[in-house]
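Structure, as structure tokens:
Just follow the structure's listing: the first ligand is 1, and inside any ligand the first atom is 1.
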Amino acid sequence: MTDAPPPAVPTAVVIVAAGSGTRLGHGLPKALVPLAEAPLLLHALRGAAGSGVAQQICVAVPPADAELTEFCHTFAEELGDAGPEIDVVEGGATRADSVRAALAALAPGTVHVLVHDAARPLTPPEVFHRVAEALNRGALAVIPAMPVVDTIKSTAPTEGDAASIAAEVVTGTAVREQLRAVQTPQGFDVGTLLRAHEVASRWEPDQAAAITDDAMLVESLGTPVYVVPGDLQSFKVTTPMDLHFAETLVAAQGG
Ligand code: CTP
Ligand code: MG
């Protein structure tokens with residue numbers, strides 16, 4: 001395990017945990033779904049706090065949530081003075097809204113922020129360290145990413161007679177070597193990320209609905225987004241199969 005980079009400047013982690021987990025279909029908000037008997041959020045919190053990169057962790061939970069908030073408070077008590085400050089805010093209707101709510105609660109003077117999905121419970125500390133180090137070296141935006149293993153094609157709906165053959169037809173094939181599958185935590189200079197979210201808050205609903213990460217907002221400002229290696233274990237729990245895979249990994253590692 002690499003050591004945490006020295007906290008060059010005041011740094012926070014935002015954990016977005018306000019999603020409903022529709023694709024997981026568990027019946028609970030996804031961050032509450034248990035993995036090895038602890039909610040996904042608790043795994044993500046332990047990972048972020050254990051990495052040692054931040055003085056504050058701000059968690060966005062579903063509106064009117066009591067249970068996840070309670071987990072955060074209990075975790076904060078367990079950490080005591082030794083760990084980062086843990087704050088909880090109400091998330092919003094979209095992931096971007098949840099990020100914005102958490103950014104508004106960062107301690108004054110925070111310079112770097114790492115935005116992380118609660119749905120990535122097994123992100124190793126090394127990934128937090130790589131992102132924090134790139135920020136310390138001067139990046140305004142940095143993402144962890146993995147090479148893509150599948151060939152990625154674009155498609156369009158079929159029309160006319162072709163629709164009786166299949167619903168979609170291929171329109172192109174991307175160059176796989178240039179593609180990356182992007183993970184979190186994504187790291188930013190706070191002022192840059194606030195500006196990017198402020199601009200995006202005025203986007204049309206269609207455009208806003210297509211926001212899937214924070215880096216794409218910073219890209220739209222023309223700011224370079226640097227890439228560091230992610231980790232296979234930092235996969236996002238999206239479907240029941242992902243949860244099963246996470247359970248298997250934790251069991252194999254003796255957890
Ligand atoms: N998220 C959030 N607020 C939202 C939507 C998503 O904080 N309004 C968070 C989720 O809690 C998750 C992360 O963003 O940690 C990534 O989102 P995703 O994997 O899509 O989770 P859900 O939106 O909960 O799942 P689904 O899309 O299947 O409903
Ligand atoms: Mg979602």
Side-chain angles (χ1 to χ4, degrees), residues 12-35 38-49 51 54 56-72 75 86-106 113-123 127-128 131 143-146 181-188 193 196-197 200-201 203 205-218 230-246:
V13 172
V14 159
I15 299 182
V16 281
S20 52
T22 320
R23 288 168 289 178
L24 190 58
H26 199 283
L28 286 173
K30 187 157 73 181
L32 252 186
V33 170
L35 163 62
L40 290 179
L41 174 63
L42 199 51
H43 291 273
L45 266 174
R46 286 180 186 145
S51 75
Q56 182 189 14
I57 298 179
C58 186
V59 185
V61 299
D65 161 84
E67 235 171 314
L68 286 167
T69 303
E70 186 58 34
F71 273 113
C72 291
F75 182 70
I86 311 284
D87 295 292
V88 183
V89 299
E90 268 197 8
T94 66
R95 184 184 182 282
D97 292 333
S98 297
V99 172
R100 272 192 279 269
L103 291 178
L106 295 188
V113 62
L114 282 70
V115 182
H116 189 46
D117 293 330
R120 297 183 194 270
L122 302 179
T123 302
V127 180
F128 286 89
V131 171
I143 57 174
M146 299 294 288
V182 171
Q183 304 177 334
T184 71
Q186 299 189 346
F188 303 94
L193 186 60
H197 270 279
S201 69
W203 285 1
D206 279 10
Q207 210 185 352
I211 300 171
T212 49
D213 76 346
D214 297 284
M216 63 186 279
L217 307 183
V218 173
D231 193 287
L232 280 177
Q233 292 212 38
S234 194
F235 65 95
K236 183 157 69 76
V237 173
T238 306
T239 65
M241 200 178 81
D242 299 325
L243 189 60
H244 183 70
F245 181 50

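Considering backbone and side-chain N/O of A118, one or more are found under 3.5 Å from N/O of ligand 1. An N or O contact shorter than 3.5 Å links A18 to ligand 1 by distance. Checking only distances, L24 never comes within under 3.5 Å of ligand 1, N or O to N or O. An N or O contact shorter than 3.5 Å links K30 to ligand 1 by distance.
Ranking the protein heavy atoms by distance from atom 20 (O) of ligand 1 puts R23 NH2, 2.9 Å first. Shortest contact from atom 8 (N) of ligand 1 to any protein heavy atom: G92 O, 2.9 Å. The single protein non-hydrogen atom nearest to atom 9 (C) of ligand 1 is V16 O, 3.7 Å, given as residue, atom name and distance. Considering only non-hydrogen protein atoms, atom 6 (C) of ligand 1 sits nearest to G19 CA, 3.6 Å. Ranking protein heavy atoms by distance to atom 13 (C) of ligand 1, first place goes to D117 OD1, 3.3 Å. With respect to atom 22 (P) of ligand 1, the closest heavy atom belonging to the protein is G21 N, 3.7 Å. T22 N, 3.5 Å is the protein heavy atom nearest to atom 26 (P) of ligand 1.
Proximity of atom 11 (O) of ligand 1 to the protein is indicated by at least one non-hydrogen atom lying closer than 4.0 angstrom.
Residue S98 touches ligand 1 through its side chain alone, judged by heavy-atom distances below 4.0 Å. By the criterion of a heavy-atom distance under 4.0 Å, the backbone of T94, and not its side chain, is placed next to ligand 1. If you look at R120 next to ligand 1, there are no close heavy atoms at all, none under 4.0 Å. At a 4.0 Å heavy-atom cut-off, ligand 1 touches R95 through backbone and side chain alike.
At least one side-chain heavy atom of D214 sits less than 4.5 Å from a side-chain heavy atom of R95.
Interatomic distance, CG of D117 versus CD1 of I15, reported as 10.0 Å (0.5 Å rounding). With rounding to the nearest 0.5 Å, the separation of NZ in K236 from NZ in K30 is 4.5 Å. For the atom pair CD (E90) and CG (D97), the distance works out to 12.0 Å, reported to the nearest 0.5 Å.
Other residues, nucleotides and ligands place more than 12 heavy atoms under 6.0 Å from the CD atom of Q56.
Ring orientation note: the planes of F245 and F235 are tilted relative to one another, at an angle of 30° to 60°.
Under a 3.5 Å cut-off, the side chain of Q183 and the backbone N or O of D231 do form a donor-acceptor pair.
Heavy-atom proximity to A93, at under 4.0 Å, picks out these atoms of ligand 1: 8 (N).
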Could you please spell out the steps behind the side chain to side chain contact (heavy atoms under 4.5 Å, CB included) verdict for H197 and L217?
CA-CA 7 Å; H197 270 279; L217 307 183; 3.4 Å; yes
Stepwise side chain to side chain contact (heavy atoms under 4.5 Å, CB included) check, W203 with I211:
CA-CA 10 Å; W203 285 1; I211 300 171; 3.8 Å; yes
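Residue contact check for ligand 1: A17 places a non-hydrogen atom closer than 4.0 Å to it.
The two residues H43 and L35 come nearest to each other via the heavy atoms NE2-O, 2.7 Å. Nearest heavy atoms, S98 versus G91: OG-CA, 3.5 Å.
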